[in-house]
Amino acid sequence: MRQKRILVTGGAGFLGSHLCDRLVTYGFDVICLDNFFTGNKQNIYHLLKEPNFELIRHDVTFPIYIEVDEIYNLACPASPVYYQKDPIQTTKVNVLGAINMLGMAKRVNAKILQASTSEVYGDPEEHPQKETYWGRVNPIGPRSCYDEGKRCAETLFFDYFQQNNVNIRVVRIFNTYGPRMSDDDGRVVSNFIIQALRGEDITIYGDGSQTRSFCYVDDLIEGILRMMDGPDDFNGPVNLGNEEELSILKLAEKIIDLTGAKSKITHLPLPENDPVRRKPDITLAEKKLGWHPTTPLGEGLERTIGYFRSVEGG
Ligand code: NAD
Ligand code: UDP
């Protein structure tokens, strides 16, 4: 019997490359599709020699015709700095990308998983956030291209499911960190670690009282795989993230402590519409997928710091 053929869009990015690693190790035929907007060949370089790994340079906003059994749709810049660089393209990636991938799934009868986000909850009034919460999103702010793009993608996924019987899965990913975040990515964990390792000031936006809940990449990938392989009557959306909530100030202090850096903390203006609190309710993932994160923040940060030390050569 031939191996399952699996497409990972955004496969050369941070999460996508870790997902490709796991799928290649399991022996599946893996096709990584990426236009390298925020992804990096270095992330998947080690896979290029594997006979069950293939790389395609392509932009998901344009149709593509390939035969696959499963699709993980991850293509989309995730860092606010990058998704706000070209907001129109960000909406296109989310909406046209979803339409193209759902069209492919429908044509070849493939199962398809969407990497959605906690950003669909916007700046939430409900805490922690449950999947049943509809969110509080500004439709015309600087984050809207991403938030509304991802919300529309979810709509498309459920409409293809209801109208065309496409076998869908939707996961809402909360802030995830780990090795292979790019060093100029602008997200908080990579920014703080790099600043600490270089002895530069740690840049906290606002007073640092805003919170996030950080999930280590290996835990997140395990959740995504379980969702794809989970029961066909469970389409989601399901939250995947770590329940441990901490302020950005506490995160900065923790990273200074773990790196032994001499960096000082400096405060910069808080970006517009920056969510005040964010923490997933993962009861549904625990119940339906038997999933919960197992990597403590300190341990995940140590591994991530180790990675950045090796790429920084320090
Ligand atoms: P990333 O920026 O490292 O990876 C995204 C990948 O998509 C990159 O390799 C990029 O080159 C590729 N890409 C972008 N536009 C494309 C296009 N038009 N065609 C083809 N490829 C394209 O980000 P990530 O953290 O790995 O995120 C992966 C997915 O998970 C994204 O969809 C993101 O929205 C979602 N997500 C991530 C997080 C997180 O904390 N990492 C949280 C919520 C949701
Ligand atoms: N942040 C910060 N300094 C940085 C980068 C980010 O204080 O150098 C803050 C940012 O304002 C937000 C939080 O850290 O409140 C998480 O930002 P990130 O861009 O990682 O993710 P998101 O805002 O999308 O959750």
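Not measured: the values here are computed from a predicted model. We count ligands from 1, going down the list as the structure has it; atoms in each ligand are counted the same way.
- Minimum heavy-atom separation, Thr304 to Gly178: OG1-CA, 3.4 Å.
- Atom 29 (C) of ligand 1 has as its closest protein heavy atom Leu74 O, 3.3 Å.
- Among protein heavy atoms, the minimum distance from atom 3 (O) of ligand 1 is reached at Phe14 N, 2.9 Å.
- Between Tyr133 and Tyr121, the ring planes are parallel. Angles under 30° get that label, and only those over 60° would be called perpendicular.
- Considering only non-hydrogen protein atoms, atom 9 (O) of ligand 1 sits nearest to Asp34 OD2, 2.5 Å.
- The closest approach between a heavy atom of Gly186 and any atom of ligand 2 is below 4.0 Å.
- Looking at Ser144 and Asn138, their side chains never bring a donor and an acceptor atom within 3.5 Å of each other.
- In terms of protein heavy-atom proximity, atom 30 (O) of ligand 1 is closest to Leu15 CD1, 3.6 Å.
- Taking only non-hydrogen atoms, the option from Val188, Asp274, Asn175 nearest to atom 10 (C) of ligand 2 is Asp274.
- For Arg278, the closest heavy-atom approach to ligand 2 falls below 4.0 Å.
- In terms of N/O distances under 3.5 Å, ligand 1 is approached by Tyr146.
- Counting non-hydrogen atoms of neighbouring residues, nucleotides and ligands closer than 6.0 angstrom, the NZ atom of Lys262 reaches no more than 12 such neighbours.
- The residue among Asp59, Asn94, Thr38 with a heavy atom at the shortest distance from atom 18 (N) of ligand 1 is Asp59.
- Below 3.5 Å of separation, one finds an N or O of Arg212 facing an N or O of ligand 2.
- At a 3.5 angstrom cut-off on N or O pairs, Val93 does not count as close to ligand 1.
- Among protein heavy atoms, atom 27 (O) of ligand 1 sits closest to Ala78 CB, 3.6 Å.
- For atom 13 (C) of ligand 2, the nearest non-hydrogen atom of the protein is Ile248 CD1, 3.7 Å.
- Scanning the protein heavy atoms around atom 15 (N) of ligand 1, the nearest turns out to be Asn35 OD1, 3.6 Å.
- Under the 4.0 angstrom criterion for non-hydrogen atoms, Gln89 is in contact with ligand 1.
- Of all protein heavy atoms, the one lying nearest to atom 38 (C) of ligand 1 is Ile173 CG2, 3.8 Å.
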Next item on the list: Before giving the answer on salt bridge (charged side-chain N to carboxylate O under 4.0 Å, His left out), spell out for Arg303 and Glu299 the whole-Å C-alpha distance, their side-chain angles and the decisive distance to 0.1 Å.
Entry: CA-CA 6 Å; Arg303 285 189 221 161; Glu299 199 180 309; 2.6 Å; yes
Under 3.5 Å, which donor-acceptor pairs link side chains of residues 204-211 to any protein atom two or more places apart or in another chain?
from, atom 1, to, atom 2, distance (Å)
Asp207, OD1, Ser209, N, 2.9
Asp207, OD1, Ser209, OG, 2.7
Asp207, OD2, Ser209, OG, 3.4
Gln210, OE1, Gly208, N, 3.4
Gln210, NE2, Tyr205, O, 2.9
Thr211, OG1, Glu245, OE2, 2.7
Thr211, OG1, Arg278, N, 3.3

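- Regarding atom 19 (N) of ligand 1, its nearest protein heavy-atom neighbour is Val60 N, 3.0 Å.
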Counting only pairs under 3.5 Å, give me each side-chain donor-acceptor contact of residues 158-167, with atom names and distances, residues two or more places apart or in other chains.
from, atom 1, to, atom 2, distance (Å)
Asn167, OD1, Arg169, NH1, 2.8
Asn167, ND2, Asp232, OD1, 3.3

